[in-house]
Amino acid sequence: MRIIVTGGAGFIGSHLCEALAKEGHTIICLDNLGSGKIDNIKHLMKFSTFRFIKHNVIEPLQLIEGKIDQIYHLASRASPKDYQEYPVETALANSVGTDRLAKLALAKNSKLLFTSTSEAYGEPREHPQKESYWGNVNPVGIRSCYDESKRFGEALLMAYHREYNVDIKIVRIFNTYGPRMRKDDGRVIPNFIQQSLSNKPITIYGDGKQTRSFCYVEDLVEGLIKMMNSKEIGPKNLGNPNETTVIELAKLIRGLTKSKSGFLFRPLPLDDPTRRQPDISKARALLGWEPKVKLEDGLKKTIQWFKKNGAK
Ligand code: UDP
C-alpha cells in the first residue's frame, strides 16, 4: 500500500513508519520537524519505499501524485510543555491540518486515521474512561489548544464521514513512552529517567498521587495498525490500563537506574488531570488488541536507549 504518515519523524510516528516499512509498504512521511527529528527516521531513508517531505500540515498540501491507500494523521505537538509553548500551531495542526487531510482522503478515496487523545476526557469524572464518556474539559484552559483541537478534529472527521462517507478512524491515545522521546520534551518519563541517571532531584508535581497509565510505544503502534485495518470508525481508546501514581513511577525509575536521587516537590501545573486510565474493552473485543509490555520491561528498554543516546 501507499501510506502517508503525518508527524512521521516524531516519537510515535517514527515507530509507526518503521513498522509499516517492515510490512513492505511505501511510506510518505510528512513532518515539519517542529518536535520530530530526522535522527528518528534516518535509518528508514535507506528504503527506496520511504520518502520524507518536510511539510507542516497547517499549510496547503502540495500535490501528492498517485493513489494513497491510507493516511495516519499524527502530526501535533503532544507534550504539555511543548504545546503550551506553541498553542496556536498545535490548535491548527489538529483542526486545519485535519481538514486538509480529510480533503486529501476524500480526493484519493483513502482511509484516514486521526490520533486523538485521552485528554479529550479532561479531568475525568468517570474512571476508568470509556469511549462513551464525553469528558470534562476546560475549553479556555492552558491545555485547551490541545484537548479542544483534538476534540474538534474528532467532530470534523465525523462530519466528513457523515456527509461524504470518508472512511475515517479515530483513536484516543493514552500516555505512551519508549525510545525516541525527546530528552527535553518535559514529560514525566523522560524527566524522571534523566534526573535519575544524573542523580539529580526527581521533580514531582503536586503530591505525586495523581495517576497515569503508561503504554509502551511498540504496543501502541500495533494498536494503530490494527485499527487502520479494521472496519471500525471509533473512537477507540488505545493505552495500557495498568494505572500508577506519579510517586510509584518515580520510585520504579529510581530503582531501575540504581539512582541516588531524592524527590523535589513542585507545584502541580494548572488543569493537570488527577487520574487517567483507559477502559480498553472495545479495542480488546473489536480489534483483538491489548498491550503486552509490562511497565518495568518497557522502562528498562527506554532507560537503555536514554543511556545510549547521552541522557546523562
Ligand atoms: N509530572 C511530574 N514531574 C515531571 C513531569 C510531569 O510529576 O517532571 C507529572 C505531571 O504533573 C502529570 C504526570 O506527571 O501529572 C504526567 O505528565 P506528562 O507531562 O508526562 O503528561 P500528561 O499526562 O499530563 O499529558
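Atoms within a ligand are numbered from 1 in the order they appear, just like the ligands themselves. Please read all numbers here as calculations on a predicted model, not as lab measurements. These numbers come from the heavy atoms of this one structure, side chains and all, not from hydrogens, waters or symmetry mates. In this chain, numbering begins with 1 at the start of the sequence shown.
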Salt-bridge criterion met for E148 and R151 (N-O under 4.0 Å)
yes
My understanding is that only residues two or more places apart in sequence, or in another chain, count here; which of them pass salt bridge (charged side-chain N to carboxylate O under 4.0 Å, His left out) with D271?
none
Give a table of atom pairs where an N or O of ligand 1 lies under 3.5 Å from a protein N or O.
| from | atom 1 | to | atom 2 | distance (Å) |
| --- | --- | --- | --- | --- |
| ligand 1 | 3 (N) | T203 | O | 2.7 |
| ligand 1 | 7 (O) | Y205 | N | 2.8 |
| ligand 1 | 8 (O) | N191 | ND2 | 2.9 |
| ligand 1 | 8 (O) | T203 | O | 3.3 |
| ligand 1 | 8 (O) | T203 | OG1 | 2.8 |
| ligand 1 | 8 (O) | Y205 | OH | 3.4 |
| ligand 1 | 11 (O) | D272 | OD2 | 2.7 |
| ligand 1 | 15 (O) | Q210 | NE2 | 3.0 |
| ligand 1 | 15 (O) | R212 | NH2 | 3.3 |
| ligand 1 | 15 (O) | D272 | OD1 | 2.6 |
| ligand 1 | 15 (O) | D272 | OD2 | 3.4 |
| ligand 1 | 20 (O) | V188 | N | 2.8 |
| ligand 1 | 23 (O) | N175 | ND2 | 2.8 |
| ligand 1 | 23 (O) | R212 | NE | 2.6 |
| ligand 1 | 23 (O) | R276 | NH1 | 2.8 |
| ligand 1 | 24 (O) | R143 | NH2 | 3.0 |
| ligand 1 | 24 (O) | R212 | NH2 | 3.2 |
| ligand 1 | 25 (O) | E119 | OE2 | 3.3 |
| ligand 1 | 25 (O) | R143 | NH2 | 3.0 |

What pairs meet the side-chain hydrogen bond (donor to acceptor under 3.5 Å, both in side chains) rule with one or both residues in residues 219-232, with sequence neighbours excluded?
Q70-N229, E222-K292, E232-K236
Partners of F114 by ring pair (Phe, Tyr, Trp, His ring centres under 6.0 Å), sequence neighbours excluded?
H73
Can you hop from L238 to L112 via hydrophobic side chains spaced under 4.5 Å?
no
Parallel, tilted or perpendicular, judged at 30° and 60°: which one describes the rings of Y164 and Y160?
tilted
